[in-house]
Engineer: 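My questions will all concern the structure given below.
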Amino acid sequence: MTNFLQLVNGLQPIDVIVAKKKSGLGRILDHYIVHLGNGVFIGNLKGSVKQVFHSELLELLQEYEPVKIRRFNGNHFQVQNAIIRAKQKLGHKI
């Protein structure tokens, strides 16, 4: 997990961690954890879209396995708009 932690620490705002549950039927679904910056993430985890802090992400990695990182290649304006859109999804049921 050390290599993954190094990767997480190198994320830029709006980069996405794509993860799968380590076991069970949830293994077939992709879960997306969006990095907002400053150690804050938003993810579609456990039934709804939730805000997750870096320390909680480490705990979630016990249940979810990262499978890839999707880098965001937008400009500053696009990053800010994407952060706003991500925050608007908070609380939505999945």
Side-chain angles (χ1 to χ4, degrees):
M1 181 168 5
T2 302
N3 290 338
F4 185 73
L5 291 178
Q6 290 172 344
L7 186 59
V8 166
N9 289 333
L11 292 174
Q12 298 298 312
I14 302 302
D15 286 348
V16 177
I17 301 168
V18 181
K20 291 189 178 285
K21 283 196 111 179
K22 289 184 177 180
S23 63
L25 291 175
R27 181 90 184 122
I28 61 174
L29 301 173
D30 286 337
H31 298 270
Y32 300 94
I33 306 164
V34 180
H35 182 242
L36 299 183
N38 299 321
V40 179
F41 298 83
I42 289 179
N44 64 335
L45 306 161
K46 298 183 180 183
S48 68
V49 179
K50 300 175 182 181
Q51 183 168 306
V52 179
F53 294 96
H54 191 270
S55 58
E56 295 168 299
L57 179 63
L58 298 178
E59 186 177 312
L60 283 170
L61 292 178
Q62 302 300 316
E63 187 176 344
Y64 294 88
E65 176 182 7
V67 292
K68 65 182 166 181
I69 300 293
R70 239 190 246 163
R71 300 285 181 187
F72 187 80
N73 294 320
N75 61 35
H76 178 72
F77 179 74
Q78 292 167 322
V79 166
Q80 295 307 311
N81 280 334
I83 289 172
I84 290 167
R85 285 193 317 273
K87 286 181 177 180
Q88 290 172 341
K89 300 293 183 189
L90 284 170
H92 287 205
K93 299 288 183 198
I94 52 172

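What you are looking at is a predicted structure, and each value in this text was computed from that prediction instead of being measured. Note that the numbering runs from 1 along the sequence shown for the chain. Values below: every heavy atom of this structure, side chains too, minus hydrogens, waters and symmetry copies.
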Engineer: Could you check whether any side-chain N or O of Gln62 sits under 3.5 Å from a backbone N or O of Glu59, counting only pairs where one atom can act as donor and the other as acceptor?
Structural biologist: no
Engineer: Flag yes if Leu29 and Val34 sit in one hydrophobic cluster, no otherwise; membership is Ile, Leu, Val, Met, Phe, Trp, Tyr, and two members link when side-chain heavy atoms are under 4.5 Å apart.
Structural biologist: no
Engineer: Is the closest side-chain heavy-atom distance between Phe41 and Leu11 below 4.5 Å?
Structural biologist: yes
Engineer: Using only atom types and a distance under 3.5 Å, with no angle test, would you say the side chain of Glu56 pairs donor to acceptor with the backbone of Phe53?
Structural biologist: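 Indeed, once roles are kept as given, a pair shorter than 3.5 Å links the two residues.
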Engineer: Nearest heavy-atom pair of Leu36 and Lys87: which atoms, and what distance?
Structural biologist: CD1-CE, 4.0 Å
Engineer: Determine, using the 4.5 Å side-chain heavy-atom cutoff (strictly less than), whether Leu90 and Val40 are members of one ILVMFWY cluster.
Structural biologist: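 Yes, same cluster.
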Engineer: Going by heavy atoms in the side chains, are Val49 and Ile42 under 4.5 Å from each other?
Structural biologist: yes
Engineer: Quick check: are there more than 12 heavy atoms from other residues, nucleotides or ligands sitting under 6.0 Å from NZ of Lys89?
Structural biologist: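 Open.
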Engineer: Ignoring hydrogens and angles, tell me if any N or O in the side chain of Arg70 forms a donor-acceptor pair with the backbone of Val16 under 3.5 Å.
Structural biologist: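 Checked: no pair found.
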Engineer: How about Val79 and Phe72: do any of their side-chain heavy atoms sit closer than 4.5 Å?
Structural biologist: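 Yes, at least one pair of side-chain atoms sits under 4.5 Å.
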Engineer: Is there a side chain to side chain contact (heavy atoms under 4.5 Å, CB included) between Ile33 and Asn44? Walk through the geometry before answering.
Structural biologist: CA-CA 7 Å; Ile33 306 164; Asn44 64 335; 5.7 Å; no
Engineer: CD/Glu65 to NZ/Lys22 distance, rounded to the nearest 0.5 angstrom?
Structural biologist: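 Going from CD on Glu65 over to NZ on Lys22, the span is 6.5 Å.
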Engineer: Determine whether Asp15 and Gln12 satisfy the following criterion, side chain to side chain contact (heavy atoms under 4.5 Å, CB included), listing intermediate values before the conclusion.
Structural biologist: CA-CA 6 Å; Asp15 286 348; Gln12 298 298 312; 3.6 Å; yes
